[in-house]
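Everything below concerns the one structure shown next.
Positions are given from 1 along the sequence.
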Amino acid sequence: QYRGRFPSICRGNNHRISLVIGDDVLIRGPIEIWYRDENSSIVIDNNVKIDSYCRFCISGTATFRLDSGVKLGSRNNLSGGEDICIGSFSQLGGDICICSSTHSTSINHAINEPYFIHKSVKIGNKAWIGTGTRVLPGINVGQGVIVGCNSVVNKSIEKDDSIYAGSPVRLLRKRTE
């Protein structure tokens, strides 16, 4: 089981979602889980640590997955209608936003119409995402990648074991021994 209380606020449309929590999960304060559809699921694997005030906003048939050993800093926001997967032993600083959905900018849809585009997001194993970073829909971040603080990841990062930063994000260098 997880250690301590499970201090969360669940808000939704009277639907049930699948929430699976592995062994030795530590939640260090209140978190929010918002859901819109009953087919959504959140999977939190073993040895995950989640700091306070994280928010999970999930809709559609999306699955949000935190693989084993993941550490989430405080005030992170994972939201969208498509899958988000954070690979094993990855670490995320605070105030990070990972979105798997965005509003349409098509001229065929009025600005106030709720028309969304959904694309999955995958963070590779042993990645480190710096505080204040924004990860946009459809992004894949490679294994062992470091993303500097306050970066905007607007394109996939394919080079494993590299360091990226900036707005928009760009390659700084390869990680060394």
Side-chain angles (χ1 to χ4, degrees), residues 18 20-22 25 31 33-35 37 39-51 54-106 109 115-177:
S18 172
V20 178
I21 300 176
V25 169
I31 64 171
I33 300 172
W34 290 60
Y35 54 93
D37 301 291
N39 297 320
S40 306
S41 63
I42 298 174
V43 178
I44 301 172
D45 211 340
N46 300 331
N47 301 308
V48 170
K49 293 178 176 51
I50 302 172
D51 279 346
C54 286
R55 175 185 281 181
F56 302 87
C57 300
I58 188 168
S59 64
T61 59
T63 297
F64 291 180
R65 181 172 182 84
L66 306 179
D67 285 341
S68 62
V70 166
K71 294 180 183 176
L72 290 184
S74 61
R75 296 176 307 277
N76 282 316
N77 185 353
L78 280 68
S79 66
E82 190 58 64
D83 297 349
I84 295 176
C85 180
I86 301 176
S88 296
F89 304 104
S90 290
Q91 188 165 311
L92 281 70
D95 297 308
I96 292 171
C97 182
I98 300 175
C99 295
S100 65
S101 296
T102 188
H103 292 271
S104 172
T105 57
S106 169
H109 298 100
Y115 186 79
F116 297 98
I117 298 168
H118 308 291
K119 295 180 182 177
S120 64
V121 175
K122 184 173 186 337
I123 309 293
N125 297 336
K126 299 179 182 175
W128 179 14
I129 311 295
T131 297
T133 294
R134 303 297 182 246
V135 180
L136 303 180
I139 300 300
N140 290 318
V141 174
Q143 180 171 311
V145 166
I146 297 172
V147 177
C149 295
N150 296 314
S151 294
V152 176
V153 185
N154 65 336
K155 61 186 174 193
S156 288
I157 296 173
E158 305 297 338
K159 293 187 179 192
D160 292 345
D161 300 311
S162 296
I163 301 172
Y164 289 78
S167 177
V169 72
R170 64 183 173 83
L171 175 65
L172 298 181
R173 65 181 170 86
K174 190 86 170 147
R175 290 177 64 190
T176 57
E177 303 260 337

> Would you find a donor on one side and an acceptor on the other, under 3.5 Å apart, between the side chain of Ser120 and the backbone of Ser100?
Replying inline: no
> Taking it one step at a time, do Ile33 and Phe64 satisfy side chain to side chain contact (heavy atoms under 4.5 Å, CB included)?
Replying inline: CA-CA 11 Å; Ile33 300 172; Phe64 291 180; over 6 Å; no
> For the residue pair Val121 and Pro137, what are the closest heavy atoms and their distance?
Replying inline: CG2-CA, 4.1 Å
> Looking only at heavy atoms, which two atoms of Lys126 and Arg175 are closest? And how far apart?
Replying inline: O-NH1, 4.4 Å
> Ile98 versus Leu92: any side-chain heavy-atom pair under 4.5 Å?
Replying inline: yes
> Under 3.5 Å, is there a donor-acceptor pair between the side chain of Lys174 and the main chain of Asp160?
Replying inline: yes
>> I want to check something: taking the side chain as every heavy atom from C-beta on, are Ser79 and Cys99 in contact at a cut-off of under 4.5 Å?
In response: yes
>> As a quick check of understanding, evaluate side chain to side chain contact (heavy atoms under 4.5 Å, CB included) for Leu78 and Ile86, giving each step before the final call.
In response: CA-CA 10 Å; Leu78 280 68; Ile86 301 176; 3.9 Å; yes
> Is there a donor-acceptor pair closer than 3.5 Å between any side-chain N or O of Asn125 and the backbone N or O of Ser88?
Replying inline: yes
> Gly22 and Val25: which non-hydrogen atoms are nearest, and at how many Å?
Replying inline: O-CG2, 3.5 Å
>> Can you give me the closest heavy-atom contact between Gly60 and Ser40, atom names plus distance?
In response: O-OG, 2.9 Å
> Charged N to carboxylate O under 4.0 angstrom, Arg65 versus Asp83?
Replying inline: no
>> Could you tell me if the side chain of Ser167 sits less than 4.5 Å from the side chain of Asn150, heavy atoms only?
In response: no
> Which heavy atom of Ser156 sits nearest a heavy atom of Gly138, and at what distance?
Replying inline: OG-O, 3.7 Å
>> Centre-to-centre under 6.0 Å for His103 and Tyr115, is that the case here?
In response: no
> Would you call Lys49 and Asp51 a salt bridge, taking side-chain N to carboxylate O under 4.0 Å as the test?
Replying inline: no
> For the atom pair CG (Asn39) and CD1 (Ile58), what is the distance rounded to the nearest 0.5 Å?
Replying inline: 10.5 Å
> Heavy-atom distance under 4.5 Å between the side chains of Arg170 and Leu172, does that happen here?
Replying inline: yes
> Under the side chain to side chain donor-acceptor pair (under 3.5 Å) criterion, do Thr133 and Ser151 qualify, and how do the steps go?
Replying inline: CA-CA 5 Å; Thr133 294; Ser151 294; 4.6 Å; no
>> Please find the pair of heavy atoms, one from Val145 and one from Tyr164, that lie closest to each other, and give the distance.
In response: CG1-CD1, 3.9 Å
> Is there side-chain contact between Leu66 and Ile50, with at least one heavy-atom pair below 4.5 Å?
Replying inline: yes
